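I have placed the structure first, in the form of structure tokens, so that the comments after it can refer back to it.
Given the structure is predicted, the values throughout are model-derived calculations rather than measurements.
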Amino acid sequence: MVSATEEQGGVHHDAARPARAAGIAAAVTAVVLCALALNFIYNLRLFVGYTIILNQFYYLCVFFSLPMVFVIWPLRGKRRAGWEVGLDTVLCLLTFGCMAFMVWNARRVSSEGWEYVAPEPAIWVSILLWVLVLEALRRVGGTVITIIAAVISIYPLVAGVMPGPISAASVSVRDTAIFYVMSTESVFGIPLAAFATLVIGYIIFGVALQQTGGGPFFINLAFALLGTVRGGPAKVAIFSSGLMGSISGSVITNVLTTGTMTIPTMKRTGFAPHYAGGIEACASTGAVLMPPVMGATAFLIAQFLGVGYADVVFAAIVPSFLYFLALFVQIDAYAARNGLKGLPRVELPRLGKVLAEGWYYLIAMGVLIYMIVSLQREATAPFIATAFVLLLNQIFPHNRWGLAEAMGFLRAVGRLFAELVAILCGIGLIVGALAVTGMSGTIANDLLHLAGGSTLMLLIMGAVACFVLGMGMTVTAAYIFLAIALVPALARAGLDPMAAHLFVLYWSMLSYITPPVALAAFSASAIAKANPIRTGFAAMRLGSVIYVVPFFFVLEPALILRGDTATILFRLAEATVGVTLIAGALDGHVLGVGHVERRHHAIGLLARVLVVVGGLLIAAPLVAILGIDRATGLMLGVVPTVAGLALIRVFRDRASPTPQTA
């Protein structure tokens, strides 16, 4: 007989097997994909006597990552039952088989045009892989995005019976399947190409930075620099979340890591729980839009436009600055209005000690930025920066790794690889559906027709589409779909293509801080122990500038550093002043002027509205919107601003605590 203890141990042992298998699978994925990427980028010739062609390299990346989804992610998102382990094993082996077929026949796929006419085995492999990609997408991306991808991927089969605007010639199942899998415009198209040639290195760098202690270092650095100022803990959240989120590329991960330290500290110094959660949600969301890394999506912009990644980084500098400036000013206004102070210096880490323990993180970031911007080596930069971090981490004793830490690093990297490949392959089906039916070319014309020739109306339609898709898709998925469908229409309307791509990216992010979805705000509310909806609306108000900044830079290329130096500086000054006024007025305190006394509520509301309207008119590119000259537009903004500031000055709250220096 088996004792109860032995029986429990056996059950626990059996249950632990899938978890161990998932860990091993993730680690193997990390090692192999890293080796493949290094071999491709540095031309190491690891495969002696054999040259891997480009499409074969893409197939190998998927071969070593997509099957692992069925090992790492259970069928129902919970602990696997016995039969589920068997099913997952079968699905994993089937995916391996399909991709092995692709790897073996890579040269024939390319030279014989299999995306149009393929042998019978290739057709069945394509159909099977179509289904497997959708199931992998469901496991890592959720049901909503899978339904969207599945419905759109079936669209070519019934395109001939669809109503006018979305009607096209129907395509057979066989032809659709081989186009999805054998062409370079669908599953193995631009998104996967960006992953294989660029994103792999940055994922490794981001995880290495986090796993070696980069997260705590940046948080401690932020506390040492900003902890004592007015509203210090909230400003720490902006600084630390901005640095870490730019590297990790994940909004939710950023909230759950930095938020666990910043949100309780904000609450302790007087910030309302829902407001503290909103600050962290906004900081983490904006961080993914901030150079130098900006998450995986920025690499896709470079790939779509055929430009260097440094070009995307330069274009994103001013929009990101305006967003974080507004967030900083609003937090300072809230702290000033409520008399919130910073933390005592004795409770904060010493700057010298923080830098002594983690200076090499800053050097690694500097190396990364230098190689991207100055040397234009965006493919090799993250590998060199990663090697730098890992080497120095082992030399200095603070966070030195052992075998367990190294395995944890590989598991984290491999899991991210598998997750991203599944999402990119799934979204590739959507892109392929538009390409095979020719709809990717006609959607732009249809959108222009619906907008009636109005660029502003087209932008508003695009913003709504971005927001709606962002609620059901990941940012990367929503961006890719709209980069195919919407950006060509914006470009044909005369807008700068880079600005159009950034416009789509910014609006795709907004669902993270906007109810009813607001995933970042809801995640932060759990840490803050606040009402999720209230936290969502706080995040929406704090991030309000992000709703208008995309309209600014898409209509005024100077804000993405296009044009002559004088124009860029002038428009930057206008936008900075306007955004500062808007942000201060939204939270009821304008720097250098003060805030209206609470008993003068009606006057205060009027003053704030006037300043917000004035700030918008100063910052907005009125030449593009209304066709008026700059001097007139500036005067239109100055008049309500001066009136609002005068009201605040006359009725300012003299009884409030004297603010500290921000």
Side-chain angles (χ1 to χ4, degrees), residues 25 28-29 32-33 36 40 47 49-71 86-139 146 149-150 152-159 169-193 195-196 418 421-422 424-437:
V28 170
T29 299
V32 175
L33 258 66
L36 285 171
F40 175 79
F47 301 89
Y50 186 83
T51 301
I52 298 177
I53 60 175
L54 189 60
N55 68 329
Q56 195 170 41
F57 170 56
Y58 299 157
Y59 298 159
L60 283 168
C61 289
V62 177
F63 175 84
F64 286 107
S65 55
L66 190 65
M68 300 306 177
V69 171
F70 302 104
V71 178
L87 176 61
D88 290 346
T89 302
V90 170
L91 294 176
C92 176
L93 292 175
L94 285 173
T95 310
F96 267 130
C98 290
M99 290 314 305
F101 178 87
M102 298 295 296
V103 172
W104 182 260
N105 292 285
R107 282 176 166 75
R108 292 187 63 192
V109 171
S110 178
S111 62
E112 298 177 13
W114 280 13
E115 67 266 34
Y116 303 111
V117 179
E120 198 70 18
I123 294 172
W124 287 107
V125 165
S126 299
I127 294 172
L128 180 57
L129 196 59
W130 181 358
V131 176
L132 290 169
V133 164
L134 287 173
E135 171 57 15
L137 179 63
R138 184 193 68 79
R139 295 190 183 210
T146 306
I152 296 178
S153 71
I154 295 171
Y155 161 73
L157 312 183
V158 296
S170 295
V171 184
S172 68
V173 175
R174 297 160 65 97
D175 289 342
T176 300
I178 60 174
F179 185 86
Y180 285 165
V181 176
M182 304 294 167
S183 77
T184 57
E185 298 181 58
S186 185
V187 172
F188 299 100
I190 286 178
L192 190 70
F195 167 82
V421 165
L424 293 178
C425 288
I427 300 310
L429 294 174
I430 297 176
V431 176
L434 298 177
V436 75
T437 56

To the nearest 0.5 Å, what is the distance between [atom1] on [X] and [atom2] on [Y]?
| X | Y | atom1 | atom2 | result |
| --- | --- | --- | --- | --- |
| L87 | L91 | CG | CG | 4.5 Å |
| M99 | S65 | CE | OG | 8.0 Å |
| L60 | M102 | CG | CE | 11.0 Å |
| M182 | D175 | CE | CG | 12.5 Å |
| T95 | L93 | OG1 | CG | 8.5 Å |

M68 and F96: CA distance, side-chain angles, deciding distance, side-chain contact (heavy atoms from CB on, under 4.5 Å) verdict: CA-CA 9 Å; M68 300 306 177; F96 267 130; 3.9 Å; yes

pair [X]-[Y]: side-chain heavy atoms closer than 4.5 Å:
| X | Y | answer |
| --- | --- | --- |
| E135 | F70 | yes |
| T176 | L157 | yes |
| V69 | R139 | yes |
| L132 | C98 | yes |
| I427 | P191 | no |
| V181 | F188 | yes |
| F179 | P156 | no |
| I190 | E185 | no |

Which atom names give the shortest non-hydrogen contact between [X] and [Y], and what distance separates them?
| X | Y | result |
| --- | --- | --- |
| A169 | A159 | O-CB, 3.9 Å |
| I123 | A118 | CD1-O, 3.7 Å |
| L137 | G426 | CD2-CA, 3.9 Å |
| I178 | A122 | CG2-O, 4.5 Å |
| C61 | L36 | N-CD1, 4.3 Å |
| L134 | S153 | CD1-OG, 4.4 Å |

Ring-ring centroid check F40 F57, cutoff 6.0 Å: yes

Where the side chain of [X] meets the backbone of [Y], is there a donor-acceptor pair that is under 3.5 Å apart?
| X | Y | result |
| --- | --- | --- |
| N105 | F101 | yes |
| D88 | V71 | no |
| Q56 | V103 | yes |
| T29 | F64 | yes |
| T146 | R138 | yes |

Geometric class of the Y180/W130 ring pair [parallel <30°, tilted 30-60°, perpendicular >60°]: perpendicular

Stepwise side-chain contact (heavy atoms from CB on, under 4.5 Å) check, V431 with S186: CA-CA 6 Å; V431 176; S186 185; 5.8 Å; no

side-chain contact (heavy atoms from CB on, under 4.5 Å) between I152 and L429, worked out: CA-CA 8 Å; I152 296 178; L429 294 174; over 6 Å; no

Test log, rule side-chain contact (heavy atoms from CB on, under 4.5 Å), inputs L33 and F195: CA-CA 11 Å; L33 258 66; F195 167 82; 3.9 Å; yes

